[in-house]
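Note sheet for the following structure.
Hydrogens, waters and symmetry mates play no part in the numbers below; they use all other heavy atoms, side chains included. Atoms within each ligand, like the ligands themselves, are counted from 1 in listed order. Residues: numbered from 1 along the sequence shown.
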Amino acid sequence: MNAQVDNLLDMARLESGAVSLRREWVPLEEIIGSALAACGSSLGKREVNIHLPEDLPLLYIDAGLFERLLVNIFENTIKYTPTNTTLRVDAQLLEARVLLSIEDNGPGLPIGREESVFEKFERGNNEATTSGVGLGLAICRAIVQAHGGRIWGENRLCDGRVCGARIILELPCEEPPAEDGSHAADVSQGNIPL
Ligand SMILES: Nc1ncnc2c1ncn2[C@@H]1O[C@H](COP(=O)(O)OP(=O)(O)OP(=O)(O)O)[C@@H](O)[C@H]1O
Ligand SMILES: [Mg+2]
């Protein structure tokens, strides 16, 4: 219930076009840690494996919005995968981009709808008994796009069969702050598309 109210509020804020990105330089591991902490015990026994390269630069992002984004993805794993599922978070630095992937070994995204589940109010066919309104991934997409990045979903395949869902985010790397600390914080007006 709380998660749904959070999503509706986020969505109203994002759609109003009045969202300010409060960007700061933050380590990705910190955001992942706070998103996992926000999910708390609802992750249950699910193992979480995090693989981040040592040379990953700080990201120039709105930490609060990014935590919401990751919480939405982790909450989906909690809702749509069995309790013994493993969640894996990987990051890679590719030239001027960071690729972040979050994958599980649950039933996978609805086949043929890997893209449309990022639309507002789009849910899988069998989710009627699971709480939710189909906003989580639409919010994730709006947040990533506001940061100049993109997000998509795909199914993992093992021996030709679907063996889990994978959500991938691609973010441009910004120039690091100058030695004198200028450019350390910024508030930019973002018109967040949904
Ligand atoms: N990890 C996952 N495994 C399997 N299916 C998933 C996963 N993540 C998302 N989905 C599918 O994508 C659909 C859309 O997800 P989204 O987060 O946008 O909405 P929701 O979870 O149904 O509702 P809300 O997020 O508003 O509570 C889900 O209904 C589900 O069918
Ligand atoms: Mg969701």
Are more than 12 heavy atoms, taken from residues, nucleotides or ligands other than [X], located less than 6.0 Å from that residue's [atom1] atom?
X	atom1	value
I111	CD1	no
E115	CD	no
D55	CG	yes

Exercise. Excluding sequence neighbours, so at least two apart, what forms ring-ring contact (aromatic ring centres under 6.0 Å, His included) with F66?
Worked result: H147
Seminar exercise, completed: Sorted by chain and residue number, the residues having a heavy atom closer than 4.0 Å to an atom of ligand 1 are N7, N76, K79, Y80, D104, G108, L109, P110, V117, E122, R123, G124, E127, G132, V133, G134, L135, G136, L137, A165
Problem set entry | Side-chain (N72) to main-chain (L137) donor-acceptor, under 3.5 angstrom | no
Exercise. Between R166 and E154, is there a donor-acceptor pair closer than 3.5 Å when you use the side chain of the first and the backbone of the second?
Worked result: no
For this session: Please state whether the separation between the Mg ion (ligand 2) and some N/O/S atom of N72 is under 2.8 Å?
Result: no
